[in-house]
Amino acid sequence: MADIVGATFIPALHKPPALLPIAKHRETLLYIIETYPITIVVGQTGSGKSTQIPQFLEQAGWCADGKVIGVTQPRRVAATTVATRVAEEFGCEVGKEVGYSIRFEDVTSADTRIKFLTDGLLIREALVDPLLSRYSVIMVDEAHERSISSDILLGLLKKIRKKRQDLRIIISSATLQAEEFRDFFSEVNEAQEAKVDNKNHGKQATDTSAIVSLEGRTYPIDILYLETPAEDYIERALSTVFEIHTKEAAGDILVFLTGREEIDQAVQEISERSAQLPPGSESILPLPLYAGLSTEQQMYVFDETPMGYRKVIFSTNIAEASVTIDGIVYVVDCGFVKLRAYNPKTGIDTLTATPVSKASAAQRAGRAGRTKTGKCFRLYTEEAYQALPDANVPEIQRSNLAPFVLQLKALGIDNVLRFDFLTPPPAELMIKALELLFSLGALDDYAKLTRPIGMRMAELAVEPMMAKTLLAAPSFGCMDEILTIAAMTSLGGSIWIQHEGEKKKADSTKRKFAADEGDHLTLLNAYQAFVTKGRKEARFCHDNLLNFKSMTRAISIRSQLRRYLERFGLAMDDSSVGGHPDPTKKAEQIRRCLTSGFFAHAARMQPDGTFRNVSGTTVLHAHPSSLMFNRKAEWVIFHEVMETGDKTYIRDITKIEKGWLLEYAPDFYKT
DNA sequence: GAGCACTGC
């Protein structure tokens, strides 16, 4: 039996006595990857694992016979930037020997040997090539983040491995979780192990996988805790910033808070209190950073700090992994993060501030040591830290799984309840997903994927309710319009922008596109104006407070969806076909069509202006960004529902008739 | 009359 952990060249878990500087251990890495089907690489940012390992493999001949080395990333930007850097080192243009592939951007060619792609995209490749046969090696980078896609991908790879002895799998992980990955791939009850050795006991079996630790190029970081818990972490964050500013050496500060409101407040407070700084001292330049900011506003954090200033960035979790800012020497960590969790009983997502995990806290602290020795101020006690969970609950255990169940079914995995998940989601989440897919007609009485409907829904890159709406559109004669609405809603609320201090204007500008029927038709109007009158120009967006980047993306999404529907033989000639020339009738067809997909998201307005769901159990509020926020309606359907703080908001709302619910979803609403 | 962390096909 190969006891890999005991082999002389492999450091022990967790506290490796001798970490590997990557270049020196090229041969070791290659030997392990050659010998073991699964290699788990533990390494901090800066260890070079994402950039070097693929090149080692390519040089060692893993791309013979035209095979490709695939490296997945959880985010689009990471796939493009890492590919660019590797291409540079490789000495080729991006898209030649080294390329990347993300939605809407396939920068690869017949020459491509190292390919970076998002994990979601690789799962979709499995739809057409179930054994991922063009890849000799697949490296799943940042697997410790535990995104749903990377979790599912690992489950698929475990399955594929049984049929492809030649495939090599590399998983890159943070220290804390390495053993979990090893155990997942090393179960004794697998056919392969069983035949090799029956002396294996439980989790001792490691003849399939090896763990390798790599040294990172980070500097030491002093961690400081509070002696007594903070009552108000924003206040504490502000005083800590001033303390650092007056007592510590030069260097920028990154403060982790939980959301936009807190961040805007903190930025403002800093500006106000800066006046009290002793005369002659350096000034503080406070900057906000969160996803809701426009790209331009986000870019300020990357500008070089002006002379005589110390930059203080107040950020959400976006700066924990997605955005990296150089020059940060001090980190202030409030200890909380807003996490999304799906309640299968109500079908509602909640967004709540939750204590961070130890893994998150470590990642946040690490943001301080990128250029020199740093300090991390944790706004909680060391006892509180010890009580934190090691890692966040994986996304797959707290999400609406309908889209992923559909995807698994399309991959031929019928018994999704028995799919080999790294951590299985709670049964209620799976059942809720199956119920919704059944009600949409994607699954039959035996929970099998229906054809063509279910299969087509799986192929469309929008969530199941919108997929159903799209597939129904030809029968309502409103394909063109639904395509646009699907593209616009899938942008997730980033369509309208506000210039500084122009709230009033934003509302009235939006009203220019307003449709009595509700938000969906308003989005349709805005898009149509953009592509016709606005000639797809940035200028038009600026004048009409539309997000140019989002609108451009909507065009891409729309045309991609259209191509799918054409392939299904559903998309028709754009202008002429079907439907009513009368705009009111046309609008009714669109509303009916939306109802046929979103019947599960129906609500009725109460005399007080709030809404109730159909069973009357939940009070819903129109989100202030919705047209229906201050308009009257009876019955409505909505795109999205989310509970934040103490209120449950619905967004993208359209008026419907009660009778349509019974017409299009008789089984769902039978009494 | 008031607001959503992040990511992906």
Side-chain angles (χ1 to χ4, degrees), chain A residues 72-79 101-106 117-127 142 145-153 256-264 289-293 315-323 334 336-341 349-354 356 360 363 392 395-396 398-399 403-404 406-407 410 457-464 466-467 486-487 490-494 496 498 503-504 506-507 553 556-557 560-561 563-564 609-610 621-631 640-652:
Chain A
T72 72
Q73 296 290 334
R75 285 171 287 279
R76 294 160 53 93
V77 269
S101 189
I102 57 179
R103 190 183 187 185
F104 305 129
E105 256 184 273
D106 182 12
L117 71 174
T118 49
D119 32 35
L121 197 55
L122 187 60
I123 294 175
R124 290 186 86 85
E125 283 191 9
L127 277 176
E142 316 287 358
E145 288 186 16
R146 302 296 307 272
S147 72
I148 298 188
S149 303
S150 81
D151 268 21
I152 288 180
L153 187 57
F256 284 100
L257 297 175
T258 70
R260 170 194 208 135
E261 201 181 344
E262 287 176 8
I263 289 166
D264 287 342
L289 178 64
Y290 45 82
L293 292 173
S315 173
T316 62
N317 230 26
I318 193 171
E320 190 181 296
S322 310
V323 173
C334 78
F336 287 87
V337 62
K338 273 189 188 165
L339 278 188
R340 210 176 163 121
D349 268 318
T350 57
L351 194 67
T352 356
T354 319
V356 293
S360 265
Q363 177 76 18
N392 288 333
E395 214 181 0
I396 204 164
R398 51 182 169 86
S399 303
F404 302 95
L406 193 58
Q407 228 169 13
M457 282 173 63
E459 283 184 61
L460 286 166
V462 287
E463 73 271 54
M466 190 51 93
S490 73
L491 292 168
S494 58
W496 306 98
Q498 266 177 40
K503 221 168 241 188
K504 281 255 164 60
D507 281 350
R553 197 170 157 78
S556 304
I557 296 175
Q560 189 193 40
L561 293 173
R563 280 197 302 278
Y564 277 115
T610 65
H621 299 262
H623 191 274
S625 67
S626 169
L627 272 172
M628 287 301 147
F629 181 68
N630 47 18
R631 295 193 187 200
E640 198 188 23
V641 54
M642 170 108 72
E643 184 188 329
T644 59
D646 49 359
K647 276 187 178 173
T648 304
Y649 290 98
I650 54 177
R651 296 167 67 104
D652 293 335

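Numbers restart at 1 for each chain; the letters A, B, ... are given by sequence-line order, proteins then strands. The figures that follow rest on heavy atoms only: side chains count, while hydrogens, waters and symmetry mates do not.
Along DNA chain B, the nucleotide closest to Ala461(A) and the one closest to Val337(A) are compared, and the more 5′ of them pairs with Val337(A). Where Gly292(A) and Lys647(A) meet DNA chain B, the nucleotide closest to each residue was compared, and Lys647(A) sits on the side nearer the 5' end.
Comparing dA5(B), dC9(B), dA2(B) by their closest approach to the side chain of Pro624(A) singles out dA2(B). Which of dG3(B), dC4(B), dC6(B) sits closest to the side chain of Ser625(A) comes down to dG3(B). Taking only side-chain atoms of Tyr649(A), from C-beta outward, the nucleotide of dA5(B), dA2(B), dC9(B) with the closest atom is dA2(B). The side chain of Arg75(A) lies closest to dG8(B) when the candidates are dG8(B), dC9(B), dC4(B). For Lys338(A), counting side-chain heavy atoms from C-beta on, the closest listed nucleotide (dG8(B), dC9(B), dA5(B)) is dA5(B). Picking from dG1(B), dC4(B), dG8(B) the nucleotide with the shortest atom distance to the side chain of Thr644(A) gives dC4(B). Nearest nucleotide to the side chain of Arg340(A), out of dA2(B), dA5(B), dC9(B): dA5(B).
Counting all heavy atoms, side chain and backbone alike, Met466(A) lies closest to Ala486(A) at CG-CB, 3.6 Å. Between Pro74(A) and Asp119(A), the shortest heavy-atom distance links the atoms CA-OD2, 3.6 Å.
When the ring pair (Phe, Tyr, Trp, His ring centres under 6.0 Å) test is applied to Phe336(A), the partners found at least two apart in sequence or on another chain are Tyr233(A). Under the rule for a ring pair (Phe, Tyr, Trp, His ring centres under 6.0 Å), Tyr290(A) has no partner lying at least two apart in sequence or in another chain.
Atoms CG (Asp106(A)) and P (dC9(B)) sit 12 Å apart, rounded to a whole Å. When rounded to the nearest whole Å, the span between CG of Leu491(A) and P of dG8(B) equals 13 Å. With rounding to whole Å, Leu351(A) atom CG is found 14 Å from dT7(B) atom P. Atom CZ in Arg124(A) sits roughly 4 Å away from atom C1' in dC9(B) (whole-Å rounding). Remark: P of dG3(B) and CE of Met628(A) are 20 Å apart, rounded to the nearest angstrom. Put simply, CZ on Phe104(A) is 8 Å from C1' on dC9(B), counting in whole angstrom units. Atom CD in Gln407(A) sits roughly 15 Å away from atom P in dG8(B) (whole-Å rounding). Between the CG atom of Leu627(A) and the C1' atom of dA2(B) there is a distance of 15 Å, given to the nearest Å.
The phosphate of dC9(B) has OP1 or OP2 within less than 4.0 Å of a side-chain N or O from Thr118(A). A close approach under 4.0 Å does occur between a side-chain nitrogen or oxygen of His623(A) and OP1 or OP2 of dC4(B). Arg651(A) has no side-chain polar atom (N or O) that falls below the 4.0 Å cut-off from OP1 or OP2 of dG3(B). Taking only side-chain nitrogens and oxygens, Ser147(A) never comes nearer than 4.0 Å to OP1 or OP2 of dC6(B).
Judged by distance alone with a 3.5 Å cut-off, a donor-acceptor contact links the side chain of Glu640(A) to the base of dC4(B).
Note that the CG atom of Leu289(A) and the CG atom of Leu257(A) stand 11.5 Å from one another [nearest 0.5 Å]. Atoms CD and CG, from Glu643(A) and Leu351(A) in turn, are 10.0 Å apart once rounded to the nearest 0.5 Å.
Phe629(A) comes within contact range of at least one nucleobase, with a heavy-atom separation under 4.0 Å. Counting non-hydrogen atoms under 4.0 angstrom, Ile102(A) reaches the backbone sugars and phosphates but no base. Residue contacts shown for Arg260(A) are limited to sugar-phosphate atoms, with no base heavy atom under 4.0 Å away. Heavy atoms of Ile318(A) sit under 4.0 angstrom from primed sugar atoms or phosphate atoms, though from no base atom.
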